[in-house]
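Nothing here was measured: the structure is a model prediction, and the numbers come from that model.
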Amino acid sequence: PPRRNQEVKDVFASHSFKPPFLGFGGGTGKRIVSNTWKAGGSTTIKENFVRLTPDRQSKQGWIFNDDPIEFEEFSLMLRFRISGQGKSLYGDGMGFWVQ
């Protein structure tokens with residue numbers, strides 16, 4: 001039914017993000033991904049990308065969405081890039097989880 005299709009689109013829209021990130025959050029003056037995604041630590045949100053950490057050792061950043069996914073099955077596509085200006089990448093690790 002058309003209504004169910006719109007509900008599915010709305011749920012996936014709240015669990016997805018892509019640039020440009022044009023909004024600014026609650027009096028902080030900092031750019032946000034959307035109202036459903038929260039970011040912190042060393043994370044910076046630019047107009048065209050999200051940087052979880054700068055190219056420095058021992059930094060940590062995060063972005064998460066705690067809206068429930070109310071489907072028994074779903075698929076996931078994750079696209080990311082790891083890069084830096086140094087000759088070595090100093091990442092301490094990266095995690096992704098769905099709970």
Side-chain angles (χ1 to χ4, degrees):
R3 181 175 176 189
R4 178 67 177 156
N5 289 341
Q6 184 60 47
E7 290 171 1
V8 169
K9 287 179 185 178
D10 291 345
V11 167
F12 285 117
S14 73
H15 291 288
S16 301
F17 64 85
K18 65 180 180 178
F21 307 116
L22 302 176
F24 290 85
T28 65
K30 293 183 178 182
R31 194 177 302 271
I32 61 171
V33 170
S34 74
N35 291 330
T36 59
W37 287 88
K38 291 109 180 134
S42 299
T43 301
T44 55
I45 301 166
K46 303 295 186 180
E47 183 175 342
N48 293 307
F49 63 91
V50 175
R51 175 176 289 132
L52 293 178
T53 61
D55 186 16
R56 302 290 178 259
Q57 289 179 299
S58 300
K59 297 294 181 183
Q60 56 186 337
W62 45 266
I63 185 166
F64 77 94
N65 177 328
D66 59 5
D67 285 355
I69 299 173
E70 298 179 356
F71 295 100
E72 291 180 20
E73 296 180 6
F74 63 94
S75 63
L76 174 83
M77 182 186 312
L78 176 66
R79 184 175 138 191
F80 63 92
R81 182 179 78 171
I82 298 174
S83 63
Q85 295 184 10
K87 292 184 181 189
S88 298
L89 297 177
Y90 293 107
D92 295 325
M94 182 172 144
F96 173 83
W97 67 93
V98 176
Q99 183 173 333

To the nearest 0.5 Å, what is the distance between [atom1] on [X] and [atom2] on [Y]?
X: Thr44; Y: Lys30; atom1: OG1; atom2: NZ; answer: 9.5 Å
X: Arg79; Y: Lys18; atom1: CZ; atom2: NZ; answer: 10.5 Å
X: Arg51; Y: Lys59; atom1: CZ; atom2: NZ; answer: 13.0 Å

Q: Taking all heavy atoms of Thr36 and all of Asn65, pick out the closest pair and write down the distance.
A: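 Looks like O-CG, 3.5 Å.
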(Q) If you define the side chain from C-beta out and look only at heavy atoms, does anything of Asn48 sit under 4.5 Å from Phe21? (A)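 Asn48 does not reach Phe21 side chain to side chain.
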**Q.** Same apolar cluster: Leu78 and Ile82, side chain cutoff 4.5 Å
**A.**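 Shared cluster, yes.
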Q: Sort out for me which residue in Thr53, Leu52, Val33 forms a side chain to side chain contact (heavy atoms under 4.5 Å, CB included) with Thr43.
A: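 It is Leu52, the one option of Thr53, Leu52, Val33 that forms the side chain to side chain contact (heavy atoms under 4.5 Å, CB included) with Thr43.
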(Q) Looking at Asn35, I want to see if its CG is surrounded by more than 12 non-hydrogen atoms of other residues, nucleotides or ligands under 6.0 Å. (A)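 Atom CG in Asn35 is not packed in, count stays at 12 or less.
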Q.
Can a donor-acceptor pair be found, under 3.5 Å and without considering hydrogens, that links the side chain of His15 to the backbone of Pro68?
A.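 The answer is yes, because a donor-acceptor pair under 3.5 Å joins these two groups.
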(Q) Considering only residues two or more places apart or on different chains, which pairs with a residue in residues 32-68 satisfy ring pair (Phe, Tyr, Trp, His ring centres under 6.0 Å)? (A)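 As it turns out, the ring pair (Phe, Tyr, Trp, His ring centres under 6.0 Å) pairs with a partner in residues 32-68, which skip direct neighbours, are Phe17-Trp37, Trp62-Phe64.
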Q: Please identify each residue that fulfils side-chain contact (heavy atoms from CB on, under 4.5 Å) with Glu47, with sequence neighbours left out.
A: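 Only Pro20, Leu22, Arg31 meet the side-chain contact (heavy atoms from CB on, under 4.5 Å) criterion with Glu47.
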